[in-house]
Enquirer: 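This is the structure, below, for whatever I ask next.
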Amino acid sequence: MKQGYFPQEIEKKWQKRWEDEKTFYTPDESNKPKYFALSMFPYPSGKLHMGHVRNYTITDVIARFKKMQGFNVLHPIGWDSFGLPAENAAMQHSTNPAEWTDENIAYMTQQLKMLGLSYDWEREVTTCKPEYYKWTQWLFLQMFKKGLAYKKEAAVNWCDKCGTVLANEQVIDGKCWRCNSTVEKKYLSQWFLKITDYADRLLNDLDKLDGWGDNVKTMQSNWIGKSEGAILRFKVKELDGVEVPVYTTRPDTVYGITYLVVAPEYKDIEKLTTEENKKSVKEYRANARKMTEIERLSTDRIKTGVPLGTHCINPFNGEEFPLWTADYALVEYGTGAVMAVPTHDERDFAFAKKYNLPLKIVISPNDRELKLSEMDNAYTEEGILVNSSEFNGMKNSEAKKAITQKAVNEGFGEFKTQYRLRDWLISRQRYWGAPIPVMYCEKCGVVPEKEENLPVMLPTDVDFSVVGKSPITTSKTFKDTVCPICGGHAVRETDTMDTFICSSWYYLRYADAKNDKECFNKNKVNHWLPVDQYVGGIEHAILHLLYSRFFTKVLKDLGLLDFDEPFKNLLTQGMVLKDGAKMSKSKGNTVDPDEIFQNYGADTARLFILSDSPPARDFDWSDAGVEGCYKFLNRVWRLVSENMNFLNKDYQLSFPLTRENDDLVRIVNIAIKGITNDIANDFQFNTVISKYRELTNAIYEWIGKKSEFSNEDKNVFSFAVISLIKLMAPVTVHLSEEIWHELGYNTSIHSEEWCKWDENLAKASKITLVVQINGKVRDKIEANESCNEEDLKNIALRSDKVKEFTDGKSIAKVIVVPKKLVNIVVK
RNA sequence: GCUCCAGUGGCGGAAUCGGUAGACGCGUUGGACUUAAAAUCCAAUCGGGGUUCUCCCUCGGUGCCAGUUCAAGUCUGGCCUGGAGCACCA
């Protein structure tokens with residue numbers, strides 16, 4: 001064995017051998033239980049960054065650990081390869097997105113292999129390849145048939161820089177999720193998926209996800225935004241047969257309505273405006289349109305509005321009140337109209353004060369009386385109804401139901417559950433995506449492509465240098481086609497699908513990646529899924545994770561699979577920071593993984609990226625930390641190479657041990673138990689690694705006491721070293737494999753069984769008894785493990801220190817915690 | 001404003017059930033080896049005070065204030081700070 005540790009040499013050798021020998025090939029059939037470990041697949045942007053390294057290392061360690069524990073582990077990888085950057089690169093370098101993408105995939109594949117990841121490359125999935133997007137299109141058609149994919153004209157989010165529309169989830173604080181430029185509203189006819197049909201299931205099933213963090217579940221639940229209330233319809237006094245419906249969560253306050261507001265974009269607003277008010281309303285609406293989303297949504301902006309001139313009648317008491325338009329009412333939520341109760345809603349209160357609209361108290365607090373003259377903000381707490389006719393004296397929580405019921409009985413309202421979630425806008429006016437497989441026939445209208453004609457291929461005769469429209473529209477061969485119904489001329493849809501569609505089902509395809517007859521075999525998908533452990537960034541808490549859950553539920557309803565949640569356990573890993581800031585090119589604080597591989601090797605990179613923080617927390621990259629990990633691996637290498645003569649792979653431990661050797665055997669058992677438990681307990685790799693170090697230190701310390709090695713010593717030493725490299729194998733994959741073979745084994749260490757511990761040996765032979773007086777530690781006494789409570793008590797009371805503190809005082813109580821502690825209470 | 005998460009040395013962080021606070025590492029300091037350096041190894045490292053001074057004693061200490069308990073980083077209540085998500089959602 002070489003005296004020095006040369007990772008680059010070792011790593012290359014093993015990577016090649018694992019590939020040649022298909023060490024990580026996963027058969028579908030196996031008598032072992034299955035385990036599906038998955039990282040969120042990368043976008044092939046060009047090079048791996050440290051976030052990737054962290055993500056894939058975490059999942060790889062989990063996969064290898066589970067494999068050693070006896071599972072048939074599925075650990076695949078693929079490429080989320082449709083999307084804008086490829087198209088932008090094509091425009092800049094006058095190349096083709098497919099070429100650019102292929103090159104990136106090739107480079108990143110080689111990087112992934114350098115990291116020593118245990119992927120089954122036979123199952124690689126690439127979303128931009130026709131053999132994949134054929135099935136993306138097929139799934140779209142199934143949704144279309146079910147009425148879940150539909151086209152409508154709507155106010156949509158438009159990113160001018162990206163030249164396309166965006167889904168609501170892709171607008172962050174009024175800005176494009178990708179390029180961060182301000183998003184505008186446009187009225188366009190676009191394709192949507194009816195995710196709102198699944199709002200209730202997406203919300204309720206969150207409860208089933210015990211293996212997900214609360215943070216992600218709350219984010220999803222906030223995003224879905226369920227609220228319970230009522231729709232109430234108000235007749236317009238001046239217009240016969242015209243009604244304005246409102247959505248409210250406070251039907252208990254209907255007797256306090258003093259005006260009603262419709263959004264500036266409300267569809268009937270012109271009808272509701274009197275001749276005298278036409279001009280001011282028109283101006284107000286024009287102004288509102290000019291404002292950006294961000295200005296409009298700012299909560300501390302002073303509320304404005306104008307009256308329409310017409311009035312509504314309150315069906316509960318016949319009162320009349322004016323209709324206004326104000327931009328604090330949102331056209332896309334509820335009915336686009338709000339009943340205003342200034343006394344019991346902060347926004348209405350501010351608005352009424354500004355425009356001198358009347359106030360009326362209808363909810364009274366239990367402990368005091370409200371006075372209009374003393375109110376300087378709305379009363380929004382619980383209370384008792386007043387000024388509310390037959391409902392007076394009722395608790396407001398009960399009145400909600402009673403009042404809505406009255407509206408239902410009398411035909412001017414109903415109970416209504418409202419969601420914040422909107423349907424998913426999936427059209428993109430871009431080239432590099434899966435074409436939406438529909439066409440427009442002059443005679444038959446919107447016609448889906450026939451399934452047997454799939455895939456609708458992306459054309460290659462396109463001009464990527466065009467500005468202001470999608471390159472796909474420049475193709476001479478793509479647009480014109482034949483209607484499958486009437487045989488007449490039809491024009492293809494030129495919009496492509498949001499790439500989040502491609503990534504909403506890729507994890508299913510891994511179960512059956514090469515199937516060219518169906519998107520996947522049902523039995524295979526039911527066997528491998530759901531994913532046992534999913535690992536990825538928190539930035540997908542809503543986007544990808546919500547969409548994937550939606551897809552899974554749809555596919556279940558379509559009968560394509562039998563489960564309704566795709567990811568059983570979710571680990572959202574923290575960001576990789578450098579000097580306290582997120583690594584980014586713009587800040588110039590990135591660290592190139594290639595450089596680390598070259599200088600230290602992949603094992604050091606893997607070890608370090610797991611060592612300093614638990615996976616869910618942010619991780620601060622430090623050069624000194626890398627150096628420290630590299631030193632540690634050298635230390636392990638030396639431990640073996642300098643003591644090769646004393647190592648024996650066929651060691652035995654079946655003889656009585658000396659005191660010292662017994663201690664080391666116990667330390668090894670304690671380490672095995674601790675490490676196994678730390679991994680089982682939320683994958684705390686940082687403490688796992690500290691235990692590697694502790695064990696290594698203990699072995700060195702043990703050697704330090706030896707002047708020569710007896711046979712017994714050699715056996716104990718071999719047991720300790722072999723256990724150590726096995727425990728390290730999931731992390732330092734090459735180093736462990738190399739040492740394993742140096743010791744004379746022919747198999748791969750990665751196919752070995754995980755170390756087992758003996759419960760009797762996984763503890764020290766002696767215990768340290770902690771003696772407290774009144775809860776303060778006063779003494780520590782070594783005691784035998786076999787001592788019972790009475791013995792421990794007596795040992796403690798015999799202590800000189802204890803006597804010092806108890807002298808002249810009376811002992812009120814003695815508490816004994818077996819094998820650990822005695823607390824003496826004195827007065 | 002609502003919801004969730006977090007707060008422990010110079011730093012990253014550790015501490016199954018309430019039971020020795022600061023594991024392990026980084027950094028720093030001192031030492032050994034060396035002509036020297038690198039590498040390696042050894043030792044010290046929460047703060048204040050004391051002492052018979054390399055051994056030990058003592059007090060304080062896990063964001064703040066209370067509480068429960070023999071015992072609180074851990075549990076309860078109320079705050080403060082930071083991060084994240086949602087947000088004129090009626």
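In what follows, every chain begins at residue 1, and chains take the letters A, B, ... in the order their sequences are listed.
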Enquirer: Expressed in angstrom and rounded to an integer, what is the separation of A:Lys776 atom NZ from B:C57 atom C1'?
Expert: 14 Å
Enquirer: For the rings on A:Phe608 and A:Phe619, is their centre-to-centre separation under 6.0 Å?
Expert: yes
Enquirer: Is there a side-chain contact between A:Ser690 and the phosphate of B:A14, meaning an N or O under 4.0 Å from OP1 or OP2?
Expert: no
Enquirer: How long is the line joining CZ of A:Arg422 and C1' of B:C86, in whole Å?
Expert: 13 Å
Enquirer: Strictly below 4.0 Å, heavy-atom distances to any atom of RNA chain B: list the hits from residues 223-232 of chain A, or just say none.
Expert: A:Trp223, A:Ser227
Enquirer: Return the polar atom pairs (N/O with N/O) between nucleotides 68-73 of chain B and the protein under 3.5 Å, or none.
Expert:
residue	atom	partner	partner atom	Å
B:C70	OP1	A:Lys813	NZ	3.4
B:C70	O2'	A:Asn823	ND2	3.3
B:C70	O2	A:Asn823	ND2	2.4

Enquirer: Does the gap between the ring centers of A:Phe234 and A:Phe412 come in under 6.0 Å?
Expert: no
Enquirer: Could you tell me if the side chain of A:Val362 sits less than 4.5 Å from the side chain of A:Leu385, heavy atoms only?
Expert: no
Enquirer: Taking the six-membered ring for Trp, is the centroid-to-centroid distance between A:Phe6 and A:Trp637 below 6.0 Å?
Expert: no
Enquirer: Whole angstroms only, please: what is the CG-P distance between A:Leu421 and B:C89?
Expert: 17 Å
Enquirer: For the pair made of CG in A:Leu577 and P in B:C26, what is the distance, rounded to whole Å?
Expert: 20 Å
Enquirer: Measuring to OP1 and OP2 of B:A90, would you say a side-chain N or O of A:Tyr333 lies under 4.0 angstrom away?
Expert: yes
Enquirer: Mind listing the closest non-hydrogen atom pair of A:Pro245 and A:Thr335 along with its distance?
Expert: O-OG1, 2.7 Å
Enquirer: Got A:Phe685 and A:Pro615 here, is their nearest side-chain heavy-atom distance under 4.5 Å?
Expert: yes
Enquirer: Identify the pairs formed between an N or O of the protein and an N or O of nucleotides 39-41 of chain B at a distance under 3.5 Å, and give each distance.
Expert:
residue	atom	partner	partner atom	Å
B:U40	O3'	A:Arg638	NH2	3.2
B:C41	OP1	A:Arg635	NH1	2.6

Enquirer: If you find the nucleotide of RNA chain B closest to A:Asn215 and the one closest to A:Ala337, which residue's nucleotide is nearer the 5' end?
Expert: A:Asn215
Enquirer: Verify side chain to side chain contact (heavy atoms under 4.5 Å, CB included) between A:Ile689 and A:Arg693, making sure each step is shown before the conclusion.
Expert: CA-CA 6 Å; A:Ile689 287 162; A:Arg693 294 178 189 269; 4.2 Å; yes
Enquirer: Dot-bracket for RNA chain B, 5' to 3', with Watson-Crick and G-U pairs under 3.5 Å, [ ] for crossing pairs and | for other-strand pairs: what is it?
Expert: (((((((..(((......[....)))((((((.......))))))(((((.....)))))..(((((..]....))))))))))))....
Enquirer: Please pick, from B:C86, B:A90, B:C26, the nucleotide with the shortest atom-to-atom distance to any side-chain atom of A:Asn222.
Expert: B:C86
Enquirer: Please compare A:Gly336 and A:Ile542 by the position of their nearest nucleotide in RNA chain B and report the one closer to 5'.
Expert: A:Ile542
Enquirer: May I have the distance from A:Phe608 (atom CZ) to B:C26 (atom P), rounded to whole angstrom?
Expert: 11 Å
Enquirer: Hey, does A:Val777 reach any base, or is it just sugar-phosphate, or nothing, if we go heavy atoms under 4.0 Å?
Expert: sugar-phosphate
Enquirer: So what does A:Arg693 touch, heavy atoms closer than 4.0 Å: a base, only the sugar-phosphate, or nothing?
Expert: sugar-phosphate
Enquirer: Taking N or O atoms only and anything under 3.5 Å, show me the protein contacts with nucleotides 15-18 of chain B, one pair per line.
Expert:
residue	atom	partner	partner atom	Å
B:A15	OP1	A:Gln684	OE1	3.4

Enquirer: Does the cation-pi check pass for A:Arg420 over A:Tyr333, that is, NZ or CZ under 6.0 Å from the six-membered ring centre and within 45° of its axis?
Expert: no
Enquirer: Aromatic contact between A:Phe351 and A:Tyr259, with the criterion being ring centroids under 6.0 Å apart: yes or no?
Expert: yes
Enquirer: Would you indicate, yes or no, if B:G12 has its OP1 or OP2 atom less than 4.0 angstrom from a side-chain nitrogen or oxygen of A:Asn686?
Expert: no
Enquirer: Within this structure, what is the CD-to-C1' distance between A:Glu539 and B:C86, rounded to whole angstrom?
Expert: 18 Å
Enquirer: Whole angstrom is fine here: how far is it from CD in A:Gln220 over to C1' in B:A87?
Expert: 18 Å
Enquirer: Could you tell me how far apart A:Asp779 (CG) and B:U58 (P) are, to the nearest whole angstrom?
Expert: 10 Å
Enquirer: Enumerate the salt bridge (charged side-chain N to carboxylate O under 4.0 Å, His left out) contacts for residues 338-352 of chain A, please, sequence neighbours excluded, ordered by first and then second residue.
Expert: A:Asp345-A:Arg347
Enquirer: Before we go on, tell me: are the rings of A:Tyr355 and A:Trp324 under 6.0 Å apart, centre to centre?
Expert: yes
Enquirer: Reckon A:Arg420 has a side-chain N or O less than 4.0 Å from the OP1 or OP2 of B:U3?
Expert: no
